[in-house]
Peer 1: 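Handing you this structure, nothing more for now.
No hydrogens, no waters, no symmetry mates; every other heavy atom, side chains included, goes into these values. Letters A, B, ... mirror the listed sequences (proteins, then strands); counts begin at 1.
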Number of protein chains: 2
Amino acid sequence: MTEQHEAPGGVSGRALQKDIPQATVARLATYLRVLATLADDGVAIVSSEELAVAAGVNSAKLRKDLSFLGPNGVRGVGYDVAKLRSRIEDVLGLSQGHRVVLVGAGNLGRALVGYGGFQRRGFTVVGMFDSHPEVIGLQVAGLVVRDVVGLADAVTVLKPTIAVIAVPDDAAQAVCDCLVGSGLQSILSFAPCELTVPDGVEVRRVDLAVEMQMLSFDASRNAPPLPEVSRAASGRIAHRAYSALKHSATSHSATEPSSKGSVVTP
Amino acid sequence: MTEQHEAPGGVSGRALQKDIPQATVARLATYLRVLATLADDGVAIVSSEELAVAAGVNSAKLRKDLSFLGPNGVRGVGYDVAKLRSRIEDVLGLSQGHRVVLVGAGNLGRALVGYGGFQRRGFTVVGMFDSHPEVIGLQVAGLVVRDVVGLADAVTVLKPTIAVIAVPDDAAQAVCDCLVGSGLQSILSFAPCELTVPDGVEVRRVDLAVEMQMLSFDASRNAPPLPEVSRAASGRIAHRAYSALKHSATSHSATEPSSKGSVVTP
DNA sequence: ATCTGTGAATGCGTTCACAGCG
DNA sequence: CGCTGTGAACGCATTCACAGAT
């Protein structure tokens with residue numbers, strides 16, 4: 001789980017005004033997604049049990065989580081989907097939306113702007129930046145990639161509330177410093193390195209490799225008697241042998257993590 | 001963070017042969033990254049304190065974490081970087097490497113194959129799949145994107161140990177079923193939806209929007225009165241940041257989250 | 001009768017502080 | 001001495017079980 005509490009020289013004094021456990025906050029986001037789906041399906045009322053199942057948690061936990069937001073349901077009945085949804089959005093601070101700047105217009109950066117879940121949940125990317133001349137000026141998802149040199153100025157103008165760092169690790173700290181220097185206080189970083197920031201700045205880090213390694217651990221623990229995977233220079237798989245097998249792989253409408261080949265129009 | 005424990009009808013019987021807390025496993029991956037950096041810098045011995053600082057945790061926690069792997073250090077001295085590194089790799093099951101299939105060759109998929117942290121940590125992508133005709137056949141990072149229709153067959157041939165799902169959410173469950181049907185037991189999904197799998201299959205889910213929403217919560221909690229992005233360009237580190245940004249990315253070797261303009265050669 | 005909301009109990013992970021080895 | 005390894009104390013999160021509302 002993502003740590004981010006260090007309080008080096010004593011706690012930062014600030015008393016928590018609303019103390020909702022971090023673990024709960026993380027799940028609220030999940031509930032929100034499920035509620036959105038339910039709303040789309042025209043469901044008006046859900047019980048804790050139904051919601052819990054859909055979200056993949058147990059119902060007691062869900063009720064406890066929701067209880068931190070005050071009373072939200074009706075006993076004997078359940079929760080009003082629309083009402084609960086906007087309550088959670090409110091608590092998470094999503095109601096008035098967020099302006100996001102994205103630094104790093106590589107594949108990851110482009111995947112993020114295209115990520116449907118962003119727009120839909122109130123995050124609007126208002127600026128994209130990169131340091132590579134061949135990327136600067138390109139248009140990605142309706143935004144022109146700007147030179148990172150102008151980042152600080154842009155931040156003071158655009159007044160984003162959140163920044164996303166999707167640059168190589170050796171550039172991450174510099175970008176971070178620049179953002180912090182411009183007054184930004186919420187940063188999501190995909191660079192696999194620690195970022196040093198002053199107190200009061202919140203950094204969340206997502207390390208894709210960590211997830212893979214956790215899978216690796218479970219895999220090797222669950223299947224110890226099969227170390228049969230000897231690395232034999234698993235060369236290019238130039239196989240072109242399509243084989244039969246119909247089903248699977250549909251291509252409906254919605255596009256979340258973008259499987260669609262995407263459009264980097266110059 | 002990521003839950004994945006549900007044990008519906010009673011625990012799966014299997015007694016944990018090595019019970020290392022999940023939280024510890026997650027951090028081991030981080031330590032590994034730091035150790036790699038130290039090794040590159042020629043450091044041979046580290047104290048728990050040094051390692052802890054570099055990894056962003058407190059030293060007691062680090063020592064406790066490492067104690068789960070048995071004795072790894074020398075009292076009064078510290079830890080042998082190389083030795084500890086390979087010990088952790090061993091415990092995480094990374095020693096003999098992993099073959100990975102990646103389903104979904106959109107921006108996210110492409111970002112993942114390009115992600116330097118993968119190769120470097122023993123994950124080799126052996127196959128990429130997509131369902132869009134305009135993507136199939138393209139070459140990405142040295143791999144030809146294949147039709148997802150051939151996924152099941154490919155899995156039985158390639159015998160990957162891990163699959164990564166980077167497709168839109170409405171296709172995710174079908175892909176997942178296909179993978180599971182082919183015998184895969186470790187799946188990392190980026191689709192923002194629950195995946196139903198039989199017992200014995202491990203699914204980890206990364207929802208990028210959840211991280212953003214947690215940031216949003218913290219942001220709104222720390223600045224409840226006004227969305228006022230106070231101080232303008234409060235110089236300070238700004239200069240250093242600027243000059244560092246100029247050289248970024250190009251100089252060093254490593255390229256982690258790929259900010260590099262990205263090359264989808266047809 | 002039904003389903004929410006919540007104190008109380010349990011379990012897990014973190015932190016402390018020191019014993020023990022080099 | 002210095003630093004690791006670890007039992008014990010602590011605090012946070014999950015689960016239980018029931019009181020309370022409709």
Peer 1: Round to the nearest Å and state the distance from A:K64 atom NZ to D:dA19 atom P.
Peer 2: 16 Å
Peer 1: Grab the CG-P distance between B:L66 and C:dT15 for me, whole Å please.
Peer 2: 15 Å
Peer 1: Rounded to the nearest Å, what distance is computed from the CG atom of residue B:D65 to the C1' atom of nucleotide D:dT6?
Peer 2: 13 Å
Peer 1: Taking only the side-chain heavy atoms of B:R63 (C-beta and beyond), determine which of C:dT4, C:dA17, C:dT14 contains the nearest atom.
Peer 2: C:dA17
Peer 1: What is the distance, rounded to the nearest whole Å, between atom CG of A:L69 and atom C1' of C:dT6?
Peer 2: 14 Å
Peer 1: Any side-chain to backbone donor/acceptor pair from B:D41 onto B:V43? Under 3.5 Å, distance only.
Peer 2: no
Peer 1: Show every ring pair (Phe, Tyr, Trp, His ring centres under 6.0 Å) that has at least one partner inside residues 40-81 of chain A, sequence neighbours left out.
Peer 2: none
Peer 1: Quickly work out the B:Q22 CD to C:dG13 P distance and round it to whole Å.
Peer 2: 8 Å
Peer 1: Going by number, which of residues 39-55 of chain A have a non-hydrogen atom under 4.0 Å from DNA chain C?
Peer 2: A:S47, A:S48
Peer 1: Please tell me which of the listed nucleotides, D:dG5, C:dT6, C:dT14, lies nearest to the side chain of B:R27?
Peer 2: C:dT14
Peer 1: Does B:E194 come within less than 4.0 Å of B:R205, counting only side-chain N to carboxylate O?
Peer 2: yes
Peer 1: NZ of B:K61 versus P of D:dC12: gap in Å, rounded?
Peer 2: 13 Å
Peer 1: Quickly, which of A:T30, A:D40, A:L51 forms a side-chain contact (heavy atoms from CB on, under 4.5 Å) with A:L35? Name it, please.
Peer 2: A:L51
Peer 1: Are B:S47 and B:E50 linked by a side-chain donor-acceptor pair shorter than 3.5 Å?
Peer 2: yes
Peer 1: Any luck finding a side-chain donor-acceptor pair between A:S59 and A:E49 under 3.5 Å?
Peer 2: yes
Peer 1: Tell me, with the steps shown, if A:V57 and A:D65 meet side-chain contact (heavy atoms from CB on, under 4.5 Å).
Peer 2: CA-CA 11 Å; A:V57 302; A:D65 283 343; 5.9 Å; no
Peer 1: Can you list, in residue-number order, the parts of residues 72-87 of chain B that come under 4.0 Å of DNA chain D, counting heavy atoms only?
Peer 2: B:N72, B:G73, B:V74, B:R75, B:G76, B:V77, B:G78, B:Y79
Peer 1: Distance only, no hydrogens: is a donor on one side chain within 3.5 Å (strictly under) of an acceptor on the other, for A:R63 and A:S48?
Peer 2: yes
